[in-house]
Amino acid sequence: MPELPEVESIRQQLEPWLVGRQIISAGSHPSAKFSPAVETIGMTIESVSRRGKYLLLGLDDGREMVIHLGMTGQLFPIESPTDPYLRAWWGMDDESILGFRDVRRFGRIRVSDANHHEGTLAILGPEPLSEEFTPEHLYAALKKSNRKIKTQLLSQKPVAGVGNIYADEACFRAGIYPGVRKATKVQVVRLHAEIINVLSLALENGGTTLRDYVNVEGDQGRNQEFLLCYGRYGEPCYACGDILKRTVLDGRGTTFCGNCQKR
DNA sequence: ACTACGTCCTGCGAGC
DNA sequence: TGCTCGCAGGACGTAG
């Protein structure tokens, strides 16, 4: 599932290709999740940026195309729009074609006025790798809600871009049971640092590929080799040797160490 | 206002 | 071998 490191890796590769390109044709899957793709025909792409897990293509009419990759979304150049899992495509003025492939169709595309977003994008927390994301901010944000701490991270409100993989990784490394509803200031300081650590590491490693993730070049990430917790249930904890456990929190599979992450 | 849960999707792997 | 069934989960809609 593409989270911040994966989306940022894609953004970095899309930027030099797409900035300055004019979209001269486009097509989409009939679902309303993808059909806004065609609203960009005729527009020139002025920027390729990112907020959390959202890719933002700035258009020359003041609007932005917002792309969320969902679970299985992929963006890469294609020769022709023939792939059965292709959900949208854009033909550029240099005859290149950008394809959006998404097997499970959890992704979505919107076109809206820049700086006038809706849904989760409108209430997104700070970028975790910016100066705005401080321990004090995280502590204050988490204190506002009584939901489980992992559920809060996945809500994108305390901080943007953290999904299931990096939420499990950060909680494990911070020694916090992801189902707790209240964390001490000391715990939140550790959690803040580990969120930054796991995302930075994943970014350096070109993202995590468990199944579907590939970047624009078609390459898989390498960060799966560095995961300490996510998906390792049944295997021994690297810190204490106990067997990692699996549970479900608010519908999300969660791996944790019952010894290192006390409730 | 807040929290919890169902829904969307499809491929894959386990089990019979 | 071939089938069924449960699982994976980000964001959003709905219910309480």
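Naming convention: chains lettered A, B, ... in sequence-line order (proteins, then strands); numbering from 1 in each chain.
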Report which part of the nucleic acid A:R105 touches: base, sugar-phosphate, or nothing (heavy-atom distance under 4.0 Å, all strands).
sugar-phosphate
Does a sphere of radius 6.0 Å around NZ in A:K182 hold more than 12 heavy atoms from other residues, nucleotides or ligands, not counting ones at 6.0 Å or beyond?
yes
So, is A:R246 near the phosphate of C:dA8, with a side-chain N or O under 4.0 Å from OP1 or OP2?
yes
So what does A:Y230 hit on the nucleic acid, given a heavy-atom distance under 4.0 Å: a base, only sugar-phosphate, or nothing?
sugar-phosphate
Quickly work out the A:R108 CZ to B:dC8 P distance and round it to whole Å.
13 Å
Nearest whole angstrom, please: distance from the P of B:dC9 to the CE of A:M71.
14 Å
Salt bridge (Lys or Arg N to Asp or Glu O under 4.0 Å) partners for A:R252, two or more places apart:
none
Of all the nucleotides listed (C:dG10, B:dT10, B:dA4), which has the minimum atom distance to the side chain of A:D250?
B:dA4
For a quick check under 3.5 Å, do A:W90 and A:S25 share a side-chain donor-acceptor pair by atom type?
no
Under 5.5 Å and under 30°: A:F106 stacked on C:dG9
yes
Any side-chain donor paired with an acceptor under 3.5 Å for A:D250 and A:T151?
yes
Between the base of C:dA8 and the side chain of A:R252, is there a donor and acceptor pair under 3.5 angstrom?
no
Comparing A:G119 and A:Y233 on DNA chain C - which has the more 5′ nearest nucleotide
A:Y233
Around atom NZ of A:K245, are there more than 12 heavy atoms from other residues, nucleotides or ligands closer than 6.0 Å?
no
Does A:R110 come within less than 4.0 Å of A:E64, counting only side-chain N to carboxylate O?
no
When the distance from NZ of A:K157 to P of C:dG10 is rounded to whole Å, what number comes out?
18 Å
Nearest-angstrom distance from the residue atom CG of A:D102 to C1' of C:dG9
12 Å
Please give, in whole Å, the distance from C:dA11 P to A:L153 CG?
13 Å
Do any side-chain nitrogens or oxygens of A:K144 fall under 4.0 Å of OP1 or OP2 in B:dC2?
no
Check whether any side-chain nitrogen or oxygen of A:H68 sits under 4.0 Å from OP1 or OP2 of C:dG10, and answer yes or no.
no
Given atom CD of A:E3 and atom C1' of C:dA8, what is their separation to the nearest angstrom?
13 Å
Cluster question for you: counting only ILVMFWY and a side-chain heavy-atom cut-off of under 4.5 Å, with indirect links fine, are A:I109 and A:L18 together?
yes
Select one nucleotide: of C:dA11, C:dG10, B:dA4, the one nearest the side-chain heavy atoms of A:R181.
B:dA4
The correct set of residues in residues 202-214 of chain A placing a heavy atom under 4.0 Å from DNA chain B is A:R211
Does any non-hydrogen side-chain atom of A:D102 lie less than 4.5 Å from one of A:L69?
no
Figure out the CG/P separation between A:N164 and C:dA11, and round it to whole Å.
11 Å
Does A:Q156 have a side-chain nitrogen or oxygen under 4.0 Å from the phosphate oxygens OP1 or OP2 of C:dG10?
no
Protein-nucleotide distance (A:F100, atom CZ; B:dC9, atom P), rounded to Å
13 Å
A:R110, nearest nucleotide to its side chain (from C:dC12, B:dC8, C:dA8):
C:dC12
What's A:S145 touching, base or sugar-phosphate or nothing? Going by heavy atoms closer than 4.0 Å.
sugar-phosphate
Pick base, sugar-phosphate or nothing for A:G251, based on heavy-atom distances below 4.0 Å to the nucleic acid.
nothing
